Every structure is written in C-alpha cells, then in structure tokens.
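Reviewing the structure listed below.
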Protein chains: 2
Amino acid sequence: MSEIYFPPRELEVMSVLWRLGSATVAEVREALREDLAYTSVLSALQTLEDKGYVRHEAEGRAYRYFPVVEAERAGGSALARIRDAIFQGSAERMFAQIVSDRGLPREELERMRRLLAERLGEKP
Amino acid sequence: MSEIYFPPRELEVMSVLWRLGSATVAEVREALREDLAYTSVLSALQTLEDKGYVRHEAEGRAYRYFPVVEAERAGGSALARIRDAIFQGSAERMFAQIVSDRGLPREELERMRRLLAERLGEKP
DNA sequence: CCTCGTCTACGGGTTCTTCAGTAGAATAAA
DNA sequence: TTTATTCTACTGAAGAACCCGTAGACGAGG
C-alpha cells in the first residue's frame with residue numbers, strides 16, 4: 001500500500017540497478033549519462049538505502065547495491081499516480097496516450113493486442 | 001521537446017486545474033484532500049506560474065488560474081520517463097503492468113482493444 | 001612511501017513545502 | 001459614516017528534501 005516515489009536523480013540510479021540487477025557505486029556512476037563525482041552517486045545510493053529501496057553487501061573493499069523494490073511494483077505505483085492525477089483515473093486515456101507514440105513498432109503493438117486478448121479471455 | 005516535471009504537491013494542484021478546467025485559489029484549496037493554508041496553495045500556483053505551467057486572469061478580486069500545458073502532453077512526458085527508467089524502454093512491459101490491475105472494468109479493456117485495433121489497422 | 005579506489009563525515013546551494021504576518025479592498029455592521 | 005469582518009494577494013522566512021561536492025581516513029597494490 002505504501003506509496004513509492006523517486007525524485008529525478010534517485011530514479012535514474014534505481015533505473016541502473018533494475019537494469020543491471022545490482023551494481024557498485026563505480027558501476028552506477030559509469031552507467032549514468034552525466035558524469036557526477038563518485039560521492040554524489042554514493043550519496044544518492046545512501047539516501048535510497050535510508051528509504052529502504054536498496055540494500056548493500058560488501059564485495060571486496062566496495063559495496064554492491066541491490067534494489068529492494070521490484071521495478072514492476074515501482075512502476076505500478078508510478079502509473080497509478082499518473083493515471084489518477086493526469087488522466088483523471090482513466091486507464092483508457094492513459095493507454096491512448098501510450099499507443100499514440102508514432103515510434104512504437106508494430107510488433108510491440110501486436111504483442112499488446114495478444115496480451116489484451118488473454119486478459120479478456122479470462123475465466124468468466 | 002522540453003521536459004515536463006511536477007513535484008508531488010504541484011502535480012496535485014495541476015490535477016485539479018486539469019479536472020476543473022480552471023480554478024481560483026480557494027477552489028483549488030477546496031478540491032485538495034489535505035487541507036492546507038490558503039497561502040500554501042497560492043504559493044504552489046505562483047511557483048507553477050513562474051515555471052510557465054499555469055497563467056491567471058483577474059476575476060473580481062480573485063485570480064482565476066488556467067493550465068497552460070495540456071494533460072496529454074504532461075502525461076506523455078511522464079509516461080515516457082517511466083517507460084525508460086522503470087520498464088527499460090519497453091512500452092509493452094508498461095502496458096502489461098497497466099492491464100494487470102484487477103479492478104479494471106471489462107468495458108474499459110474492450111475499448112482499449114478497439115483502440116488498438118484501429119491503431120493497427122492504419123494504412124501502411 | 002605513494003597512489004588509487006573506497007567509504008565516512010560534513011557542508012553548501014537549490015528546490016520544495018508550508019505558513020505567519022501584512023496590507024488592500026469589498027462587504028457587513030454599528 | 002465609521003467600524004469591523006472577510007476575502008484576497010504579496011512577502012518573507014523557516015524547515016525539509018534534494019543534489020552535488022570537498023576533505024579526510026583507510027586499506028590494497030605498486
């Protein structure tokens with residue numbers, strides 16, 4: 001139930017962790033577009049750890065950081081917030097906005113259709 | 001191209017403006033769940049105006065505030081950010097998360113299907 | 001010894017959020 | 001009319017969160 005929210009920089013750091021599965025400070029730093037000081041990245045990770053969104057284990061002299069919340073859960077929370085605040089609760093409007101993207105490959109659209117068909121075909 | 005981003009409280013205020021079309025400070029304050037001091041709401045609106053997201057017109061002694069950015073545009077920006085950061089660029093994964101909501105009415109799912117069919121049926 | 005990479009400790013600057021205090025103008029009351 | 005109340009906006013300011021970094025300690029490896 002607890003709301004999950006990440007300010008911009010922390011979201012970028014989480015994104016790296018979700019993508020890589022886990023990472024050291026140096027690895028996160030490497031993966032970020034902007035190059036920040038080592039300690040800046042470390043600070044973000046420590047803040048995230050305070051909030052309970054990541055944890056770390058010692059690995060040699062360094063720490064390896066792991067995401068504690070799953071991307072799907074964070075995504076669900078973020079999407080619900082957007083749906084309610086921006087699309088006034090309409091998942092349909094939100095969906096319309098997503099598929100309006102011209103760059104969306106046809107294949108992906110078709111997988112969405114399949115997914116939707118399965119979802120609609122569930123037990124009555 | 002410019003990135004649109006709203007911190008939590010400002011997003012709530014924008015949400016009210018999108019829902020009502022326009023509103024005075026008192027109306028926004030009324031619409032918010034938490035009850036904040038009048039000046040707190042005013043401050044948020046002034047900040048949003050500084051950023052260029054809302055404008056105001058005089059209406060009697062009060063100001064009436066209007067959103068300058070459309071909900072769809074703000075939504076597109078927010079969704080792209082979530083898609084890239086949380087779902088690693090996959091609109092499909094994001095969509096899967098959306099339709100996993102058990103509370104989604106069947107009718108809405110079917111309208112999504114229709115929408116998708118139209119989108120897929122576009123001439124090549 | 002010196003360097004490199006790491007963590008800790010700490011601080012400064014900006015943004016976000018909230019509100020008290022103040023003042024002006026319209027309205028109501030005396 | 002004069003006074004009081006009410007509604008409005010503006011200002012300043014405080015505290016928290018966010019963002020970024022310097023300085024220092026510490027150990028491993030050259």
Side-chain angles (χ1 to χ4, degrees), chain A residues 2-17 20 22-66 69 74 77-78 81-82 85-86, chain B residues 2-17 20 22-67 69 74 77-78 81 85-86:
Chain A
S2 59
E3 53 186 45
I4 305 179
Y5 168 75
F6 300 107
R9 181 63 79 199
E10 288 169 28
L11 179 60
E12 288 181 48
V13 171
M14 289 304 296
S15 182
V16 172
L17 293 184
L20 303 183
S22 73
T24 62
V25 178
E27 287 164 0
V28 172
R29 181 164 181 264
E30 186 64 26
L32 292 174
R33 287 178 179 79
E34 294 176 65
D35 62 79
L36 302 176
Y38 176 91
T39 46
S40 301
V41 178
L42 177 59
S43 287
L45 283 162
Q46 286 170 338
T47 300
L48 285 166
E49 189 160 36
D50 283 344
K51 295 180 180 175
Y53 294 134
V54 308
R55 63 181 177 83
H56 76 265
E57 293 175 3
E59 181 181 87
R61 299 193 290 110
Y63 288 167
R64 174 159 296 273
Y65 286 87
F66 299 81
V69 292
S77 181
R81 184 167 45 249
I82 289 179
I86 302 186
Chain B
S2 58
E3 52 185 49
I4 304 179
Y5 168 75
F6 300 107
R9 182 62 80 199
E10 289 170 27
L11 179 59
E12 287 180 48
V13 171
M14 288 303 297
S15 182
V16 172
L17 292 184
L20 303 183
S22 72
T24 62
V25 178
E27 287 166 358
V28 172
R29 180 163 181 264
E30 188 65 24
L32 292 174
R33 287 174 179 78
E34 293 176 68
D35 62 79
L36 301 175
Y38 175 91
T39 46
S40 300
V41 178
L42 176 60
S43 287
L45 282 163
Q46 286 171 337
T47 300
L48 285 166
E49 190 160 37
D50 284 344
K51 295 180 179 176
Y53 294 133
V54 309
R55 63 182 178 82
H56 76 264
E57 293 174 3
E59 180 182 87
R61 301 193 287 111
Y63 288 168
R64 176 158 294 275
Y65 286 87
F66 299 81
V69 292
S77 181
R81 186 167 43 249
I86 302 186

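Keep in mind it's a predicted model, so treat the numbers as computed, not measured. Each chain gets a letter, A, B and so on, in the order its sequence line appears, and its residues count up from 1.
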What's the [atom1]-[atom2] distance between [X] and [N], to the nearest Å?
X	N	atom1	atom2	answer
A:Glu27	C:dG5	CD	C1'	14 Å
A:Leu45	D:dC18	CG	P	15 Å
A:Glu49	D:dC18	CD	P	16 Å
B:Tyr65	D:dT8	OH	P	12 Å
A:Leu32	D:dG21	CG	P	12 Å
B:Leu42	C:dC19	CG	P	13 Å
B:Leu36	C:dA20	CG	P	12 Å
B:Asp50	D:dC10	CG	C1'	13 Å

Distance-only donor-acceptor test, B:Ser43 side-chain atoms vs C:dC19 base atoms, 3.5 Å: yes
Could you check if a side-chain atom of A:Glu10 sits within less than 4.5 angstrom of a side-chain atom of A:Lys51, using non-hydrogen atoms only? yes
Electrostatic pair B:Arg55:B:Glu57 at N-O distance under 4.0 angstrom: yes
Given side chain to side chain contact (heavy atoms under 4.5 Å, CB included), test A:Phe6 with A:Val69 step by step and report yes or no. CA-CA 12 Å; A:Phe6 300 107; A:Val69 292; 4.2 Å; yes
Under 4.0 Å between a side-chain N/O of [X] and OP1 or OP2 of [N], yes or no?
X	N	value
B:Tyr5	C:dT15	no
A:Tyr63	C:dT8	yes
A:Thr39	D:dG21	no

Could you pick out which residue, A:Ala37 or B:Gln46, lies toward the 5' side of DNA chain D when each is mapped onto its nearest nucleotide? B:Gln46
If you find the nucleotide of DNA chain D closest to A:Arg61 and the one closest to B:Arg61, which residue's nucleotide is nearer the 5' end?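 Closer to the 5' end of DNA chain D: B:Arg61.
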With rounding to the closest Å, how many angstrom separate the C1' atoms on D:dC19 and C:dC10?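 The same atom, C1', in both gives a distance of 15 Å.
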Under the side chain to side chain donor-acceptor pair (under 3.5 Å) test, residues paired with B:Glu59 that sit two or more places apart: B:Arg64
Under the side-chain contact (heavy atoms from CB on, under 4.5 Å) test, which residues partner A:Ala37, sequence neighbours left out? A:Thr39, A:Ser40
